[in-house]
Amino acid sequence: MTTATSTARTSPGADPVRPFKAGAYGFIVLGAGHLALSAAAASGTPTPQQRAADTAMRESAFTLLGLERTTFDVTHGMSIAMALFAIVCGLLLLTAVRHAPDLVRRRTAFGRVPLVASLAALGTALLLLPVPPIVVLTVTSCAFALSLRRGTAV
């Protein structure tokens with residue numbers, strides 16, 4: 001006799017890999033969306049307030065490890081680097097789960113790390129960012145949590 005729990009685990013809809021992939025794609029969407037919005041904002045006509053802020057950031061320079069940079073350069077550089085990092089993390093997660101799906105199915109640390117990263121990013125987004133990354137990170141966090149819930153204990 002099969003229980004509802006074991007039946008749910010064997011059905012294709014209960015596979016923990018599917019929500020894990022959704023979470024990984026969420027990281028890619030987050031990074032690509034950020035880059036696209038940054039490019040759109042940079043190509044638009046800045047408001048007087050944006051021009052003033054950009055000018056102040058360009059005038060504020062500092063030296064770190066022998067390299068002189070403006071606050072504008074560092075802020076935008078970190079923004080681009082973090083977006084690219086999110087994309088690469090998503091691609092790495094997808095590649096790893098394609099080659100070793102049991103890392104997710106067996107509820108290993110591999111499945112927990114992206115959930116922790118997603119929740120940490122969500123907490124930061126709730127404090128500092130606008131709605132779009134909050135929505136994406138909520139979806140990725142839920143997807144990674146669902147994946148862990150569907151996995152079997154090691």
Side-chain angles (χ1 to χ4, degrees), residues 8-9 11-60 62 64 69-154:
R9 286 220 169 99
S11 71
D15 185 12
V17 171
R18 291 178 71 193
F20 187 89
K21 286 181 179 179
Y25 278 115
F27 281 178
I28 295 168
V29 167
L30 179 70
H34 178 75
L35 290 175
L37 289 174
S38 294
S43 66
T45 305
T47 64
Q49 294 87 354
Q50 289 169 326
R51 260 193 304 279
D54 286 353
T55 300
M57 289 173 69
R58 288 179 200 273
E59 291 173 353
S60 172
F62 60 93
L64 181 63
R69 298 288 187 253
T70 67
T71 304
F72 183 87
D73 293 337
V74 171
T75 301
H76 286 63
M78 287 300 295
S79 177
I80 292 167
M82 294 309 295
L84 292 172
F85 185 75
I87 292 168
V88 169
C89 284
L91 291 172
L92 285 172
L93 290 171
L94 288 172
T95 301
V97 78
R98 187 178 88 202
H99 292 288
D102 281 346
L103 289 173
V104 172
R105 288 190 181 115
R106 290 190 352 230
R107 208 186 295 172
T108 65
F110 178 79
R112 291 181 188 95
V113 170
L115 174 60
V116 170
S118 186
L119 289 170
L122 176 59
T124 303
L126 287 168
L127 294 173
L128 303 171
L129 300 176
V131 173
I134 293 171
V135 171
V136 172
L137 289 165
T138 299
V139 171
T140 62
S141 296
C142 290
F144 288 131
L146 178 61
S147 174
L148 278 174
R149 186 170 187 273
R150 287 182 177 178
T152 57
V154 179

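We count residues from 1, following the sequence as given.
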Atom pair CG/OH of Leu30 and Tyr25 - distance to nearest 0.5 Å:
16.0 Å
List the steps and the verdict of side chain to side chain contact (heavy atoms under 4.5 Å, CB included) for Val104 and Asp15.
CA-CA 9 Å; Val104 172; Asp15 185 12; over 6 Å; no
Residues Ala143 and Pro19: closest non-hydrogen pair is CB-O, 3.2 Å
With sequence neighbours left out, which residue pairs that include part of residues 116-129 fulfil the side-chain hydrogen bond (donor to acceptor under 3.5 Å, both in side chains) condition?
Ser118-Thr140, Ser118-Ser141
Does Arg105 offer a backbone N or O that forms a donor-acceptor pair with the side chain of Thr152 under 3.5 Å?
yes
Could you tell me whether a side-chain N or O of Arg18 sits under 3.5 Å from a main-chain N or O of Ser147, the two making a donor and an acceptor?
no
Atom pair CG (Leu92) and CZ (Phe27), whose distance is rounded to the nearest 0.5 Å
11.5 Å
For residues 78-94, the side-chain hydrogen bond (donor to acceptor under 3.5 Å, both in side chains) pairs (sequence neighbours left out) are His34-Ser79
What is the distance from atom CG of Leu146 to atom CZ of Phe20, rounded to the nearest 0.5 Å?
12.5 Å
Donor-acceptor pair, Ser60 side chain versus Ala56 backbone, under 3.5 Å?
no
Please name the pair of heavy atoms, one in Ala24 and one in Phe144, separated by the smallest distance, quoted to 0.1 Å.
N-CZ, 3.5 Å
Just how far is it from atom CZ of Arg51 to atom OG1 of Thr45, taken to the nearest 0.5 Å?
8.0 Å
Here the pair of heavy atoms bringing Pro133 nearest to Pro130 is CD-O, 3.2 Å
Rounded at 0.5 Å granularity, tell me how far CG in Asp73 sits from CE in Met78.
13.0 Å
Side chains of Leu35 and Ile87: does their closest heavy-atom pair fall under 4.5 Å?
yes
If only atom types and distance count, is the side chain of Thr75 paired as donor or acceptor with the main-chain N or O of Phe72 below 3.5 Å?
no
If only atom types and distance count, is the side chain of Arg107 paired as donor or acceptor with the main-chain N or O of Gly151 below 3.5 Å?
yes
Nearest 0.5 Å please: distance from the CD1 atom of Ile28 over to the CG atom of Leu91.
4.0 Å
Which atom of Ala125 lies closest to which atom of Leu137, heavy atoms considered:
CB-CD1, 3.9 Å
Are any non-hydrogen side-chain atoms of Lys21 and Val97 less than 4.5 angstrom apart?
yes
Taking side-chain hydrogen bond (donor to acceptor under 3.5 Å, both in side chains) as the cut-off, I'd like each qualifying pair that reaches into residues 125-138, sequence neighbours left out, listed once.
none
